A.B. asks: 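The structure follows.
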Amino acid sequence: MAEEGVADTPSLSSADKISALSFDIDEADDDCSVLGEDELGLSTAAARTMQLLQAGESAETSSLSSQDSHDSRRKDRGKKPVGTVHGSVLRPSKLKSVSAQLLSAADRVDAGMPTALVVSSFIGIGTSHGLVLVFDPKQVLKWCLGSTAVGAQYGSVSALSFNRDCTRLLCGFARGQITMWDLTTGKLLRTITDAHPPGTAVLHVKFTDSYVLAVCSDSGGSVFELEFKRLIGVRTCESQCLFSGSRGEVCTVEPLHMNYTIKDHPMQDVMILAMASFSKVLLVTLRPHLKVMFTYPLKGDGSTLPLLAWQFVIIQVSEKDRVIDPVLSFARDRTIYFYQVICQGPQDIRAVALQKMEVPYQLLSITWMNARTLVCLDRTEKLHVIDVRSEEELEVIDVAGTQLVYGTSYFKSLATGGNVSQALAFAGDQACYQSVVSHSGQLFLLGTKAVHMFSLRTWRERITVLAKESRYQEALALALSFYNGTAKAVIGLTGTRQKKQELVSHVIVELLMEYVELSMSRTPSNGKIEELEDYYQEIVPVCVDYCLHLENLELLFDRIYERFAADVIAKGTFLECLEPYMQTDKLTAIPPAVMKDFVDHYEMRGLLDSVESCIVHLDIQSLDIHQVVNLCWSHGLYDAIIYVYNKGMADFTTPLEQLLVQLGSALSTGKQLNDVNIKLGNKLLVYISCCLAGRAYPLGDIPDDLVSVVKSQVFQCLTCLHTAKHHEDEPAYPYLRTLLKFDTREFLNVLALAFEEPEFNSEEGIQKRQRVVDILLQVMVESVGFTPTQIGILFTFLARQMARHENTIVVNRVLFEQVLEFLANPEDESRHEERQQALMELLQAGGLAQFNEGRLLSLAHTAKFYRVCEYLYEKKRSYDKILTCYLRDPARRYHVFNYIDSIMQSPSCLPEEKDALKAEALKNLEDLVSIDCKQAAGTVLSCLTSGLLEVLNKLKGNKQVLFDFLQGVITYRDAQSSALKPEKQIHLEPQVLELYVDLMCEFKPQEVCNFIKMNEGYRLEETLQIVRKHKAWEATAYLLEKAGDIQGAFRILLENLQSNLKNLSQQLTEQKADSAGVMVLFSKAETQLFVVVQLCQRNSGKIDEAAREALWFPLLEAIVSPQRKLKNSVDKEAMDNFKEMTHHVLNSMMGYISPPAILQKIMQDPAYNTGKFGEVKELIIGMLENYNYEETLMETCKNLLYHDLHIHLRSLTQTATRGFVPRGDNCNICNQNYTEATPAETILVFRCGHSYHMPCLRAVGSIHVLDGEELWLCYHCSNSRSSRTVTSSRFHRSLSNNEARMKSGRREKKETTEMILDPHHLQAFENIRKSMKTPSRLAILTELSKPNSYSGQRSSTGLLQNENFQLRLAAPSPISSS
């Protein structure tokens, strides 16, 4: 029953097939990840199709390193780094012969437009008129299958498929037929019309690896298995449905094509088919048994189709084991999934997730170029080349110009009437399954007029493309990625890693020389020097970087340097660009000739510091030592001198001796050291420290065999008695003396570090250490020339060493005594703080053991070393005496409060110690107040005492101190007051406040009134006596007002005002009146007038009309009276000032005195009774304007209130009259539909939306009888709110006669007259209340309607009478149209 013609049909060899169409598809470049061909037993062609896929998420695959971006080399002035470069990965081409014959066939035989493409050993192209053109590998037309007559019957060719050896061709048509052709004879073997339901187009037809088995899918979304048989010379086809479109339309199918050159693969006996619908991916086995092995849900935009692609991959599962497994990639919308299919046997197949990739575009197609490279086509017709392992996008190519063919008409099944689902028709606009095909690492696109092919370029081609475009830096970066093994989609680079690098290095050298030649030949013409330098600074670092990568310095300093040296500017730039590479140890060896040019150039440019920093990083063998040494000595390059001597001559003492002599000469002048000598001294200290620690200077380590020798030599050099060429008057130990004078502290620190080395802790080392100590004492103590600080530093060092190395360092105790007397000499007032600091360091280092503590304390007091005293007292826990030290020390007096607080709050201090400190603080309270009265008060109140009056009694002898202290108390109290924390508020006795007022009247009388106003707690009578005693009239008036004596307060303020007005009048009548003084008096009078007016306004509401007139009219008289006298004797400006004050009084009193009374008073006044209206015009107009303002204000308020009330009432009315809408058509108790009810039944509908049959509601007891009237309740609402009183709110819908309706209407009418509101009305009122953001306007109306307390008296407590009342107007609420 085997398919006929299979065994005896000749077929082309695999090598012949692939050689014609494939373009150098090479294996992976990772040696450790790819099996060799001999290990796998694969042919060359098969090996080319096996590539490596990074399996990132699989537990059974190894993780591979990701690509490292090109390391951009830093140079001194900055170099723009070249990012990751991939170059042109795909090589586009056009199958010209095939394309020409397509156009010719359309013209000559009316073949129509191309519709489907299939590629294997042959190229097959279907057309819209039912023809199939088959081309051989040389693009020669082999067969033209079918005819236009068949096309007219079957429609367009919608799908094509070759079998495994390209001897059979399956064609699917738009009207559902399938034909099979023999490609060896060109004969039609079968026409299949019943493989799937009629009226549907064939979307896919695919051969499996079996010659007699294929699958197809149609526009109904179903998938069928086609088995071809030949029995007794009759060819048949049996069809079996694998998946029904009724369960979801399958859009694409893809069988796995096994590579049979892989020996003993477990999948050779298994046939696997992948199918994808809009919602899921399915993996099924067709043979040996039909079984679903894997499903995965798919999601995406409705306009996108699912995509499938297979690829065999070599996956490393352990260090030694690697397997070849197929990987299924499936995608939809913007997401691509990768699953490894693992087969242990026909019954044991599973899919393991490897990777998930998100892309920023919607996908049309995905195809594998090899196992590392995936090509995606997006909806804008752009190809995206992606490295699967790193998910990096390598290249994007726009292919919109190919005019890609889409299979939209087949997915919409237009040829059969369009009977497809809306989802398939909608997504079919983007269908291109038959137009994008990959084979043997090549991608084919079927356009309307041509066939386009894209293949992966070889690594050399990719570099060449960039070089031809003169993009040499990118070409070099790409070549370097090939050299380092970090490039992606590498083709043609084979062999071991060493062989690959050798191949690539030759290419890089060629590119580099081409780049240099091109750059030197294209220098800017007529450019400035700066422009040329910038130009070369872009070129040189590139050359250096790549030569360092290739480890080919011979190229850099031979051919490349020779080319740059031809130009002076290029040569200098080249040498300067070497500096950062030297300083970072990337370039450690330079030919002597180049180094000589480097030094000469930097010397000419005056950049010798940079030369020094470079020399210490270079290999000494590459230097001309004689040249470098002379240069360093002549220019003071000390690091380079030391480096050359150490590395080149293994001499560690000669540079030290010579440099110490140079430093000693600078110190012997007695002048301040310059920066050069300070730099020299610091370098010497670091050098000595490195040598004694066994480390090289300035970096690295001394060779192990020289460490002990170097330490010994340096130590002997430092402790030598005299120099080699000393003169007679040279002091002993000149090198130690020089270092001690330069920086005593740092040199002793160097010695302290050296003493920790093992060489100084052996028996011989202890003797060396003692010898150093003796020498130090001899040099510093027994001679002159060292400051107290330096002496103190020495003994601090000795005390620390004695404590650390117990019983191994001996120092005469008498020396410590001498140092103590020297430092604590009270007669020497110079360097006081310096001497105290030296003594403190000595004590903290352990020197206390060397002194008599009592004598030390006495000397410290005498020398005023209060920090030393504190240190000693603290050891005795004498905290009260430490307080005295703080008070006596001018530099630390302000820290005394923090110290008291810390001791009083410390849990480690004993109560008696705290009491002693408290007593001492109170004893010195005047000193504390003089330091900071606020902090002193805070300390007293919080820490020292609970009785404030006792403290005040101690300070009564000094009123100023007492006042300052009380001022601090008040300030501290105000700072501690908080409404949120009332427990922290401090309450003061009335006597304290009164005493403070008394002292304030004496020291700050201008602040008394404000203090009395802002504070409470004092006694009124006693305070009134105090302010009267000190004649603080403003404060007296305030207290009288507070006591209720308004007239008394008014008289005092009025007298002060009259006195000021009198002085002002006298000043104005003088012939030589000072205008500035007059303005000051006017300002003072106005201020006092405002105070009096405020007094009158505050109290006018509390008294009757007669009493109000007794306040306002004398005030008016006091203002008008001076105007009578000055009417004709002063200028107009002065009179205007008086009239302005008069206007202020009148405007203020109008709210309390009737206008007729005011007018009568004014008209009777002689100053305004001349009979001329012009003199009183302004007063009367001002009064009228004030009246108009108040009238407008009242009218506006009334209108606003009426409008607001109307809106709220209308809202309530709308809520109350809104119709009742039932929630459903069923009774909420019996659940019976109302349409089934009899006409006589009555239905109750409540406002909440629930509705019931009246009998049902009566049965559950939701009815009350109130005053003989039935009151219905909603059953659900009354149960859910049982704790609240729920009243009836229901509507009757009766299905009976008019009498029932009238009855229902009467009940509704009666219920609407009830005063009890239902919950919905209550909720409406609550919402209205919350929506009012201002105080209730109804309350304002109510207040305005209240009767006055007195006849003719206006209420002063109302909102509108408040002196701080502000009218805030807002837009009215919008009136809804409903």
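In this text the structure is predicted, and so the values were computed from the model without any measurement.
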A.B. asks: Answer yes if the ring centres of Tyr697 and Tyr643 are under 6.0 angstrom apart, and no otherwise.
C.D. replies: no
A.B. asks: Does the side chain of Glu579 come under 3.5 Å of the side chain of Tyr602 through a donor N or O and an acceptor N or O?
C.D. replies: yes
A.B. asks: Show which side-chain atoms of residues 508-518 pair as donor or acceptor with protein atoms under 3.5 Å away, not counting sequence neighbours.
C.D. replies:
| unit_1 | atom_1 | unit_2 | atom_2 | d |
| --- | --- | --- | --- | --- |
| Glu514 | OE1 | Tyr472 | OH | 3.4 |
| Tyr515 | OH | Gln473 | NE2 | 3.0 |
| Glu517 | OE1 | Arg563 | NE | 3.2 |
| Glu517 | OE2 | Arg563 | NE | 3.4 |

A.B. asks: Would you call Arg334 and Glu358 a salt bridge, taking side-chain N to carboxylate O under 4.0 Å as the test?
C.D. replies: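 Between Glu358 and Arg334 there is no salt bridge, as every charged N stays at least 4.0 Å from the carboxylate O atoms.
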A.B. asks: Are a donor atom and an acceptor atom from the side chains of Gln537 and Glu576 found within less than 3.5 Å of each other?
C.D. replies: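 Absent: no donor and acceptor within the cut-off.
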A.B. asks: Tell me if the centroids of the rings in His384 and Tyr361 come within less than 6.0 Å of each other.
C.D. replies: yes
A.B. asks: Indicate whether the side chain of Thr588 and that of Asp585 have a donor and an acceptor atom separated by less than 3.5 Å.
C.D. replies: no
A.B. asks: Who passes ring pair (Phe, Tyr, Trp, His ring centres under 6.0 Å) against Tyr535, sequence neighbours left out?
C.D. replies: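 So Tyr535 forms no ring pair (Phe, Tyr, Trp, His ring centres under 6.0 Å) with any residue.
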A.B. asks: Hey, which of Val465, Thr464, Leu90, Ile463 is the one that makes side-chain contact (heavy atoms from CB on, under 4.5 Å) with Arg457?
C.D. replies: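 Between Arg457 and the candidates, side-chain contact (heavy atoms from CB on, under 4.5 Å) is satisfied uniquely by Val465.
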A.B. asks: So, are Asp639 and Lys683 salt-bridged, with charged N and O less than 4.0 Å apart?
C.D. replies: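 So Asp639 pairs with Lys683 through a salt bridge.
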A.B. asks: Charged N to carboxylate O under 4.0 angstrom, Glu469 versus Arg471?
C.D. replies: yes
A.B. asks: Taking the six-membered ring where the residue is Trp, are the ring centres of Trp310 and Phe338 under 6.0 Å apart?
C.D. replies: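 Judged by ring-centre distance (under 6.0 Å), Trp310 and Phe338 do not meet the cut-off.
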